[in-house]
Amino acid sequence: MQEKYAHKDVERAAHAHWNANDAYRVTEVAGKKKFYACSMLPYPSGKLHMGHVRNYTINDMLTRYLRMNGHNVLMPMGWDAFGLPAENAALKNGVPPAKWTYENIAYMKQQMQAMGLAIDWSREVATCDPTYYKWNQWLFLKMLEKGIAYRKTQIVNWDPVDQTVLANEQVIDGKGWRTGATVEKREIPGYYLNITSYADELLDHVQLGNPKATLNGWPDKVRLMQENWIGKSEGVRFAFPHDIKGADGALIGDGKMYVFTTRADTIMGVTFCAVAAEHLLAQYAALTKPALAAFIEECKTGGTTEAELATQEKKGMATGLFVTHPLTGAQVEVWVGNYVLMSYGDGAVMGVPAHDERDFAFALKYQLPIKQVIAVDGETFSDEVWADSYADKQRGVCVNSGELDGLSQKAAVDKVAELLAAQGLGEKKTTFRLRDWGISRQRYWGTPIPIIHCAEHGAVPVPEQDLPVVLPQDCIPDGSGNPLHKHQGFHAGVVCPVCGKPARRETDTMDTFVDSSWYFMRYCDPTNSEKMVAEGADYWMPMDQYIGGIEHAILHLLYARFWTKVMRDLGLVKVDEPFSKLLTQGMVLNHIYSRRTEKGGKDYFWPQDVEHVLDEAGKVIGARLTKAVGDLPVGTAIDYEGVGTMSKSKNNGVDPQDLIEKYGADTARLYTMFTAPPEATLEWNDAAVEGSYRFLRRVWGFGNKLCATAGLGALAASVGRQTLSKAAKALRLEVHTVLKQVDYDYQRMQYNTVVSGAMKMLNALDDFKGDGSAGDNAALAEGFGILLRCIYPATPHIAHSLWVELGYAAAAGELLDAPWPQADEAALQRDEIELMLQINGKLRGSVTVPASADKAAIEAAALASEAFVKQANGAAPKKVVVVPGRLVNVVV
RNA sequence: GCCUCGAUGGUGAAAUUGGUAGACACAGCGGACUUAAAAUCCGCCGCUUUCCCGUGAGGGGGCGUACCGGUUCGACCCCGGUUCGAGGCACCA
């Protein structure tokens with residue numbers, strides 16, 4: 001074998017070997033335990049970044065470990081190929097999104113292959129392929145039939161200059177990213193999926209402590225996040241009656257203004273109501289009040305995100321309209337509030353300043369009355385300063401509330417619901433924070449929504465036999481309007497499927513979350529042209545282990561769960577939940593540097609082109625360019641935004657290519673696994689890569705030393721029949737102790753300590769001074785064979801090469817399917833153990849006892865020990881705590 | 001603003017989940033080898049220049065897991081509060 005570790009040769013040879021044997025191709029084998037291990041599919045942004053390397057290496061380690069343990073393991077890969085960045089690239093470079101996307105896929109696929117991932121490429125899926133997105137369209141039509149998909153208005157960010165809808169990411173401080181124009185909220189029609197009708201099941205399966213919960217293999221944090229996102233709340237929906245008539249003379253909303261509240265117990269404290277700017281009452285009042293009309297216009301500026309709405313200044317204006325309090329009969333003024341969302345509930349809320357912090361601030365600002373109706377024992381109420389106890393649901397009791405006085409929160413809610421129901425004005429209602437999923441996007445690079453608009457028949461579904469509705473490949477978006485709308489060949493020239501008259505094709509495309517909601521089922525039978533999913537899915541699903549970034553904890557995972565349930569209800573799959581176990585990989589973060597453009601947008605700079613500017617204390621206060629970028633010269637001051645996730649849009653991804661070139665894929669893989677546990681956030685710093693490379697060189701060097709001894713495989717297997725020296729026994733104790741730990745760490749997927757374990761093994765082997773006897777050689781051969789198998793899932797190339805070169809393969813077969821080593825219990829036996837000795841909980845020495853000693857014997861040994869006698873100064877023990885295998889604590 | 005998570009030496013981290021804090025590494029320092037450098041090998045490496053013993057190598061004591069407080073024989077781990085950071089907030093994926 002080569003004396004020096006030549007990673008390029010090692011990796012090239014290993015790839016050739018695996019490719020020649022089609023080593024990762026898997027089929028559905030009955031009678032073998034299947035395991036489906038899958039990573040969240042990447043967006044083909046151009047190059048892999050370290051987050052990908054981390055994600056797929058975790059997946060690969062799991063796959064290889066399980067395969068050695070006798071499982072039939074599937075690890076597929078695909079491309080989340082539709083989306084905004086392709087359109088942005090088209091805007092910037094004039095390249096059609098399709099071309100850009102497919103080139104990126106080709107490059108990234110080659111990078112993945114260089115990494116040596118055990119992917120079954122025969123199952124590759126790209127979501128922009130018509131044979132894939134046809135089934136998005138097909139299922140959408142099924143959902144329309146079932147009433148799960150429906151049409152209603154949605155609120156979008158509208159750029160008035162480019163006449164186009166903007167994604168939230170394209171709105172920077174309320175301005176359009178390219179035009180700098182103030183963005184407006186605009187209502188347009190779109191398709192929705194009725195995810196809320198699955199809210200109860202989605203909650204039950206994920207909720208911690210719920211007896212119906214099935215997702216016990218998910219991290220608690222993700223389950224909690226989903227539970228809070230679904231946000232089930234019990235409350236009361238009721239109406240404030242009124243006699244306000246519209247211009248047509250009819251009562252607006254049939255004379256009832258509905259609100260929803262979880263705090264019906266505070267209904268006697270209502271001093272105003274607030275409605276959304278789009279509410280019918282607001283619109284009506286604005287007709288005669290120019291100031292109000294102006295305010296409603298103002299409410300339309302600003303973004304649509306919840307974060308923005310929640311942090312913006314709460315503003316309101318009175319409408320001059322009054323509704324009637326359903327229980328007291330009092331007249332209550334209706335205000336328009338910029339914090340009330342039309343899309344949530346009925347677009348109107350009751351205002352109880354005394355017991356809701358937001359209402360309290362609103363009342364102070366606009367000098368509205370504050371009426372206390374809940375009291376917490378022993379606390380005084382102030383109508384000037386808010387205290388959290390005013391909103392306390394547990395300790396509060398109704399006051400100033402007529403017949404509700406003295407009732408607890410729960411009892412009061414029941415009573416109020418009863419009173420309202422008696423008048424036909426309201427009832428208890430369960431609501432969810434979860435909203436229906438709006439899937440219409442006014443963009444080009446996505447799945448066309450299969451609808452044809454006819455003047456006579458309205459929105460008509462495209463007949464199933466006409467699917468797929470193929471997306472034209474020649475569109476180059478220019479940033480204005482709706483690209484497909486401008487593409488005449490797509491938009492026009494179609495006929496209504498019902499009447500055959502000229503009609504217009506729907507030009508909206510689907511949210512890309514649709515694509516990623518079921519691709520993992522398509523992997524099971526990716527080329528099936530007859531069915532969306534077939535028998536393959538019955539074999540592989542549910543997925544046994546899903547691996548992906550924590551940033552997908554809510555949206556993607558919730559949509560995929562919903563989509564799976566819809567497919568189940570249509571009889572397409574048998575599973576209730578798609579992902580049995582979930583590992584949420586921590587983000588790989590890097591510094592973010594930006595600079596404002598003249599139009600108010602932002603340019604982002606690659607961290608390698610930037611250096612920090614520090615203040616005297618060494619704190620980063622800014623940054624400047626170390627290279628000319630575009631028109632900007634070296635030294636240009638730019639903004640430092642702190643650290644954040646590596647992304648194309650922030651231009652802060654680190655390409656693993658340099659690492660792979662310089663050190664090889666094994667080092668890149670080993671380093672990402674060693675440097676932090678899979679779930680932890682990782683701030684990127686490649687300073688320690690050398691250490692991982694050094695370890696692999698040492699492994700190689702050790703193999704070189706061993707290769708003088710022939711037939712290592714057979715020698716290793718003979719270890720149980722040899723007479724072992726004391727040193728050899730000590731070596732085996734160390735190797736097998738570490739092996740046991742490594743195996744445990746593999747099972748809990750804590751791969752960083754797997755790597756440390758392998759390093760400990762090599763240290764032990766290296767330190768071993770064998771005398772060349774058969775026993776010593778056997779212990780060495782066994783130990784190195786164990787080490788190779790322990791590192792193989794992390795660094796398959798070097799392990800494969802040494803396994804073959806040193807003759808292990810001849811004895812135990814190819815490493816891919818070599819049996820996983822088992823810790824030898826006999827080698828783990830110790831005669832005596834050392835226990836820590838504590839006095840009053842402080843470490844004061846240790847005591848060595850026979851491994852078989854019971855509690856009484858340990859206690860006696862501890863009290864008799866030199867360390868205790870010396871340090872206790874004759875104090876009498878009051879209590880002795882013995883923790884077997886760990887310590888003795890004597891309380892004196 | 002809301003939901004979730006995190007914070008341990010100069011650095012990445014470990015501690016089998018309430019029982020020896022800092023395994024394994026990186027960086028650094030000292031030494032060996034070398035004409036020299038690289039590579040390699042050996043040793044040291046939380047703080048305590050302001051605690052004690054020792055001429056010294058070293059040994060001991062005290063402190064120490066973001067901060068404040070609590071529970072416990074014993075707390076990085078459990079509880080209450082605070083600060084800072086990250087992820088998500090429905091059109092980035």
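Just the heavy atoms: all of them, side chains too, but no hydrogens, waters or symmetry mates, feed the values below. Quantities reported herein were computed from a predicted structural model and do not represent experimental measurements. By convention in this document, chain letters (A, B, ...) are assigned in the order of the sequence lines, proteins followed by strands, and residues within each chain are numbered from 1.
Residue A:Val881 has its side chain nearest to B:rG19 when only B:rG62, B:rA93, B:rG19 are considered. Nearest nucleotide to the A:Met759 side chain, out of B:rG19, B:rG88, B:rA25: B:rA25. The nucleotide whose nearest atom lies closest to any side-chain atom of A:Val643 is, among B:rG19, B:rA86, B:rA90, B:rA86.
Using a 4.0 Å heavy-atom distance criterion, A:His556 is classed as making no nucleic acid contact. At a threshold of 4.0 angstrom between heavy atoms, the contacts of A:Leu887 include nucleobase atoms, whether or not backbone atoms are also involved. Using a 4.0 Å heavy-atom criterion, one finds that A:Trp437 contacts no nucleic acid atom at all. As judged by a 4.0 angstrom heavy-atom cut-off over every strand, A:Leu434 is placed among the base-contacting residues. Counting non-hydrogen atoms under 4.0 angstrom, A:Val891 reaches the backbone sugars and phosphates but no base.
When the P atom is used for both B:rC84 and B:rG31, the distance is 46 Å, rounded to whole Å.
Base pairing analysis places B:rC29 opposite B:rG43; the two distances defining the Watson-Crick or G-U wobble pair are each below 3.5 Å. Base pairing of B:rA15: no nucleotide in any strand meets the Watson-Crick or G-U wobble criterion (both distances under 3.5 Å). Across all strands shown, B:rG6 pairs with B:rC84; the Watson-Crick or G-U wobble distances both stay below 3.5 Å. The partner of B:rA90 is absent, by the rule that a Watson-Crick or G-U pair needs both atom distances under 3.5 Å. Shown here, B:rG22 forms no base pair; nothing in the strands shown gives a Watson-Crick or G-U wobble contact with both key distances under 3.5 Å. The partner of B:rC77 cannot be assigned: no Watson-Crick or G-U wobble pair with both contacts below 3.5 Å exists in any strand.
Between A:Tyr546 and A:Tyr519, the ring planes are tilted. Angles from 30° to 60° get that label. Relative orientation of the A:Tyr5 and A:Tyr693 rings is tilted, given thresholds of 30° and 60° on the angle between their planes.
Counting non-hydrogen atoms of neighbouring residues, nucleotides and ligands closer than 6.0 angstrom, the NZ atom of A:Lys47 reaches no more than 12 such neighbours. Within 6.0 Å of CD in A:Gln163 there are more than 12 heavy atoms belonging to other residues, nucleotides or ligands. Within 6.0 Å of the NZ atom in A:Lys314, the count of heavy atoms belonging to other residues, nucleotides or ligands exceeds 12. Heavy-atom neighbours of A:Lys662 NZ from other residues, nucleotides or ligands within 6.0 Å: at or below the threshold of 12. Other residues, nucleotides and ligands contribute over 12 non-hydrogen atoms within 6.0 Å of the CD atom of A:Gln747.
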Using nucleotides 11-14 of chain B, report all nitrogen or oxygen pairs with the protein that are shorter than 3.5 Å.
| residue | atom | partner | partner atom | Å |
| --- | --- | --- | --- | --- |
| B:rG12 | O2' | A:Thr675 | O | 2.3 |
| B:rG12 | O2' | A:Thr675 | OG1 | 3.0 |
| B:rA13 | O3' | A:Asn752 | ND2 | 3.4 |
| B:rA14 | OP1 | A:Asn752 | ND2 | 2.8 |

N/O to N/O distances under 3.5 Å, protein versus nucleotides 30-32 of chain B:
none

Which atoms of nucleotides 4-10 of chain B (N or O only) lie under 3.5 Å from a protein N or O atom, and what are those distances?
none

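Considering only side-chain N and O atoms, A:Arg698 lies nowhere under 4.0 angstrom from the phosphate OP1 or OP2 of B:rU40. For the pair A:Arg697 and B:rU40, the criterion of a side-chain N or O lying under 4.0 Å from OP1 or OP2 is met. Dashed line: the shortest gap from a side-chain N or O of A:Lys602 to OP1 or OP2 of B:rC92 is not under 4.0 Å. Within the structure, a side-chain polar atom (N or O) of A:Arg694 is placed less than 4.0 Å from OP1 or OP2 of B:rU40. For the OP1/OP2 pair of B:rA25 and a distance below 4.0 Å, the side-chain nitrogens and oxygens of A:Asn763 include at least one atom meeting the criterion.
Nearest heavy atoms, A:Gln207 versus A:Arg223: O-NH2, 3.5 Å.
For the pair A:Tyr56 and A:Pro42, the minimum side-chain heavy-atom distance is below 4.5 Å.
In this structure, A:Phe695 atom CZ and B:rC41 atom P are separated by 13 Å, rounded to whole Å.
Below the 3.5 angstrom threshold, one finds a donor paired with an acceptor across the side chain of A:Gln741 and the base of B:rU16.
Rounding to the nearest 0.5 Å gives a distance of 5.5 Å between CH2 of A:Trp563 and CG of A:Asn136.
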